[in-house]
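Accompanying notes for the structure given below.
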Amino acid sequence: MANNKITDEEALAFHLEPTPGKFEVTATVPMTTQRDLSLAYSPGVAVPCVAIAENPETAYDYTNKGNLVAVISNGTAVLGLGNLGALGSKPVMEGKAVLFKRFADVNSIDIELDTEDPDEFCKAVRLMGPTFGGINLEDIKAPECFIIEQRLKEEMDIPVFHDDQHGTAVICAAGLINALHISGKKIEDVKIVLNGAGAAGIACLELLKAMGARHDNCIMCDTKGVIYQGRTEGMNQWKSAHAVKTDCRSLEDAMKGADVFLGVSVKGAVTQEMVASMADNPVIFAMANPDPEITPEEAREVRMDAIVATGRSDYPNQVNNVLGFPYLFRGALDINARAINDEMKIACAHALAALAREDVPDEVALAYGKSLSFGRDYIIPTPFDPRLIHRIPPAVAKAGMDTGAARRPIIDMEAYEIGLKSRMDPTASILRGLNARARAAQARMIFAEGDDPRVLRAAVTYQRSGLGKALVVGRSDDVKAKLEKAGLGDAARELEVINAANTSHLSTYKEFLFNRLQRKGFDRQDIHRLAARDRHVFAALMLAHGHGDGLVTGATRKSAHVLDRINHVFDADAAHGAAGITALLHKGRIVLIADTLVHEWPSDEDLATIAERAADVARHMGLEPRVAFVSFSTFGYPVSERATKMHMAPKVLERRGVDFEFEGEMTVDVALNTQAQAQYPFSRLTGPANILVVPARHSASISVKLMQEMGGATVIGPILAGVDKPIQIASTVSTANDILNMAVLASCEIG
């Protein structure tokens, strides 16, 4: 397994930078002119206010209510940390809000209520009801969580969902459907034992009973043993509802002959002897976090026929709530639901189970670095399956409509599913795929600028994330001091620091460099200075001699200077077909711009080569290339000498017989806008371009920086393509994460 150790310092830095917290609010309407302000506020806002007052249902039309969920907690049961209080729970609630947005495009806001009184809590939430389309309760201790949820469900006309209870229950149910399918058993026949009579445990058992499990076949246990009829110690009304008539008094007794074990309790609660006593093909869902009641290895030592799931991502069959709550709310919000009922939860479970039985897309297998297919080690879909967004919400919405929970039923379900697909952010899956390939490659990555704290943090993350070995060029004492200052002092022992003064390869490097440069005006002294004192050259020499697999540099010097130094060692110039391609990621869209690094003023032949290099990069990223040669003219008008080469470059590609779409010359709006392209039916592009080849490096630089500063685009690159070895040049304004991304690209051998 990969080493994914996260230090306290890294976690704090993640929440601190670039701005404190994990999300911000952005406007969805223009707010630039006086007219915009008048429409958004006074006097224009009065019109929808009156409309909503006259017909409250129109709030879903004129406000964000229909796609807004509140994540609410009082912090009395934060993760596994206990009662941290309202403020202490805020990072978790912010994180939940981010997950809503990331996985289902649901807008969410976190609210932390500073009270442990259920009456005060319910009153506060109820009074906020008009603002939201749904309420997600989180990290509230039992039994108050039962009281709060039940009361709010009765008093509010929007979905109220306590994810700690029902989220776990839904995913558990999905996994159990498939586990029983594999073992050839029926839910109404199996004996189920649950250990852990808290919020999640009780919700799991209630949902399974709603799906057909028989009350008498289900035994619930807590810290005092079996919950049986007549027991008085440690009981409450929620436990009593699941008391059964049985002679079993301990978990060990209950496990004998059991078909299913569900654990939401503590590490080590289940022994191998208990597992051995279970029925044939036992199903064991050991969901305690961070450590399960029994590990899959321990269970299978005594029962090879066991089907095992846990709550951990480093084992197969993870029971992960993120598979449920985003999509449950997505479906509920899209029908303006009054509630999330049992039928909607069961529909979610069945849809998840059905998805796991289908062929797994290649991109999912790539992201996880292994082949996945339905079976004992794959009974629950993975959280990053791109089909979740358009498969689960429709099932939830349909169940809501069938049971009368919908205010606004969906008329065209096929159109709804198509619309859901467009909500997925392709950039996330692409970056995830690149990381998976990097992890599989296990490249020895050379980080040339070991005196920069950003580079050191990137190197530490690269190695600790299991992506490969980080080789840092620098002085050991300096690296150690900077790591300590960055709060990563323990990493000094992990990184391999390489200093030109101490390497045994320096004479070999110098001889190699002298042979390359002796007829370019460099004498032996020049060569010594370059090889021994210039870290960019030294790092490139390491790479050229196989003492590393990839190179990341450029964070401390301008890219033109760094490229010049790289060219002393490699043929990374225009004459040899190298090119720089920058990826812009913005609002779920990816566009590559080239050339941003190598060619100052490319000819039509150069432009064609740049297009080929960019197409290679696009395919490495999982994109099907669509190239547009962009200019200020479109297909010859207005006429300009400056646009001629952009007009000729497609003809060069025609002669070369390339296997990707290309067209030009055209303006940027035509290249990126399908409606604008419709004016030119002869165009060879079948959709918006995802590669823009621009006339010169200065126009490329302007475009990238404008999108970065004004548009807020994420920039990856420039990606150096067309060089024999993987070399990536970061920019001087790169963050540690940007540098890490460049290392990932280098290890994927893009270019």
Side-chain angles (χ1 to χ4, degrees), residues 574-575 577-587 589-618 623-713 715 717-719 721-722:
I581 295 93
T582 297
L584 294 177
L585 285 59
H586 185 58
K587 292 185 177 179
R589 193 170 183 176
I590 300 177
V591 175
L592 307 183
I593 297 183
D595 181 347
T596 54
L597 182 63
V598 179
H599 293 77
E600 183 69 35
W601 181 252
S603 67
D604 53 354
E605 292 282 345
D606 294 331
L607 289 165
T609 300
I610 291 167
E612 291 187 81
R613 297 284 181 259
D616 290 340
V617 171
L623 299 170
E624 190 56 41
R626 289 192 295 272
V627 174
F629 293 91
V630 292
S631 182
F632 62 87
S633 59
T634 300
F635 299 121
Y637 184 83
V639 178
S640 169
E641 183 183 345
R642 292 240 159 188
T644 301
K645 65 177 183 176
M646 308 308 292
H647 184 77
M648 297 302 296
K651 299 182 186 301
V652 178
L653 286 183
E654 280 184 39
R655 292 199 307 270
R656 295 184 184 180
V658 296
D659 61 348
F660 54 84
E661 292 182 22
F662 59 90
E663 192 56 276
E665 90 285 12
M666 61 179 67
T667 56
V668 170
D669 58 325
V670 174
L672 298 179
N673 189 306
T674 305
Q675 290 181 325
Q677 285 181 12
Q679 301 174 52
Y680 306 96
F682 54 85
S683 173
R684 287 172 288 205
L685 296 183
T686 60
N690 50 25
I691 297 171
L692 303 181
V693 178
V694 299
R697 200 174 80 202
H698 63 266
S699 52
S701 176
I702 292 168
S703 302
V704 168
K705 294 186 185 302
L706 187 63
M707 280 298 299
Q708 188 174 24
E709 293 302 319
M710 296 292 290
V715 173
I719 300 162

side-chain hydrogen bond (donor to acceptor under 3.5 Å, both in side chains) partners for Q677, two or more places apart:
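In terms of side-chain hydrogen bond (donor to acceptor under 3.5 Å, both in side chains), with neighbours along the sequence ignored, Q677 is linked to no residue.
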Residues 629-639 side chain polar contacts: donor-acceptor under 3.5 Å, at least two apart:
residue : atom : partner : partner atom : Å
S633    : OG   : E665    : OE2          : 2.9
T634    : OG1  : T667    : N            : 3.1
T634    : OG1  : T667    : OG1          : 3.4

So which atom in [X] and which in [Y] form the shortest heavy-atom distance, rounded to 0.1 Å?
| X | Y | result |
| --- | --- | --- |
| P688 | R589 | CB-NH2, 3.5 Å |
| P695 | S699 | CD-OG, 3.7 Å |
| G664 | P650 | O-CG, 3.7 Å |
| F660 | A611 | CZ-O, 4.0 Å |
| A649 | A608 | O-CB, 4.2 Å |
| V591 | A689 | CG2-O, 4.5 Å |

Check the pair M707 / I593 against side chain to side chain contact (heavy atoms under 4.5 Å, CB included), numbers first and verdict last.
CA-CA 11 Å; M707 280 298 299; I593 297 183; 5.8 Å; no
Is there a donor-acceptor contact under 3.5 Å from the side chain of [X] to the main chain of [Y]?
| X | Y | value |
| --- | --- | --- |
| Q708 | V715 | no |
| R613 | I581 | no |
| R697 | H599 | no |

To the nearest 0.5 angstrom, please state how far the [atom1] atom of [X] sits from the [atom2] atom of [Y].
| X | Y | atom1 | atom2 | answer |
| --- | --- | --- | --- | --- |
| E654 | M648 | CD | CE | 10.0 Å |
| S701 | D595 | OG | CG | 11.5 Å |
| L592 | T582 | CG | OG1 | 9.0 Å |
| M666 | M646 | CE | CE | 10.5 Å |

Do [X] and [Y] have side chains that get closer than 4.5 Å, going by heavy atoms?
| X | Y | value |
| --- | --- | --- |
| N690 | I590 | no |
| L692 | L672 | yes |
| E612 | L653 | yes |
| P602 | I610 | yes |

Show, in sequence, the C-alpha distance, side-chain angles and deciding distance for E663 and R684, and conclude whether the side chain to side chain contact (heavy atoms under 4.5 Å, CB included) test is met.
CA-CA 6 Å; E663 192 56 276; R684 287 172 288 205; 3.3 Å; yes
Tell me, with the steps shown, if V652 and L607 meet side chain to side chain contact (heavy atoms under 4.5 Å, CB included).
CA-CA 9 Å; V652 178; L607 289 165; over 6 Å; no
Using a 6.0 Å cut-off, check whether atom CD of Q675 has over 12 heavy atoms from anything other than its own residue.
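Incorrect, the count does not exceed 12.
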Pair T609-D606, side-chain donor/acceptor within less than 3.5 Å:
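Looking only at side-chain atoms, D606 and T609 do not form any donor-acceptor pair under 3.5 Å.
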Would you check, one step at a time, whether the test side chain to side chain contact (heavy atoms under 4.5 Å, CB included) holds for Y680 with L685?
CA-CA 10 Å; Y680 306 96; L685 296 183; over 6 Å; no
